[in-house]
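Okay, structure first, notes after.
Because the structure is predicted, anything quoted here is derived from the model rather than measured.
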Amino acid sequence: MRTGRTAAGGGPGCDCRPESEQASPEGLRLREAALPGAVRSLRRSFRRWAAASGADEDTVDAMVLLTDEAVTNVVEHAAREHPCTVELLAGARGCSGGLAVTVQDDGRWRPPPEDPGYRGRGTTLIARLADRSTITTSPHGTTVRMCWSTRRPGADAA
C-alpha cells in the first residue's frame, strides 16, 4: 500500500527524506523498541529538536502532533502481535528546502477497519497537516514520511 499527497515545494523526485539519514548535529536519529514508553520518550526528544529547528510555532506544533501520531500507531498497531522497533529520523529536507521526518518500523501493517469508531484519524491528520506526506507499507514494515516548508517566526508580518 502506498498513500500520499504532493504539495507545492516538491516535485516528483522529492520523497520527503531528511537530507542525511545518518545522525548529524542538525538532525535527529532515534531507535527504540516499540513499547508504550517509547511514545513519551520519542515525543520529548523530537519536541526539543523541533523547537530548535527554526520553524514557526504552528509548524512545530504540527510536526510534533503528527510524529507522535505516527509513533503511537507503530506501538498500537505494528507491534501489537509481534515485537518490533520504531525509528525516528528528522532533519533538513534533501530537496526543495524545509524539514523532513521519517517514522519507520519493522512490524506488520494492519489496514484500518471499515468503521474505526472514534479512532482511526491519524492518516487523515498526517495527509492534511503535513505539506507533503507518504505512507509506504511492505512485508518488512511501514514508513511514514512527512515534509514541511519552513517559515521563520514573523515571516508573514509585513
- From CA spacing to verdict: side chain to side chain contact (heavy atoms under 4.5 Å, CB included), Phe46, Val71: CA-CA 11 Å; Phe46 182 72; Val71 170; over 6 Å; no

Any donor-acceptor pair under 3.5 Å from [X] side chain to [Y] backbone:
X	Y	answer
Trp49	Gly91	no
Ser41	Gly37	no
Ser53	Ala50	yes

- Could you tell me whether the side chain of Val101 reaches within less than 4.5 Å of the side chain of Trp148, counting heavy atoms only? yes

Do you know which two heavy atoms are closest between [X] and [Y], and how far apart they sit?
X	Y	result
Cys84	Val74	SG-CG1, 4.1 Å
Val64	Arg47	CG2-CA, 4.0 Å
Ala130	Leu66	N-CD1, 3.6 Å
Thr59	Ser149	CG2-O, 4.3 Å

Rounded to the nearest 0.5 Å, what separates atom [atom1] in [X] from atom [atom2] in [Y]?
X	Y	atom1	atom2	result
Thr137	Asp105	OG1	CG	10.0 Å
Asn73	Asp68	CG	CG	9.5 Å
Leu30	Leu88	CG	CG	5.5 Å
Ile135	Thr143	CD1	OG1	10.5 Å
Met146	Glu69	CE	CD	9.5 Å
Arg145	Gln104	CZ	CD	6.5 Å

- Neighbour count >12 (heavy atoms, 6.0 Å) for atom CZ, Arg43: yes

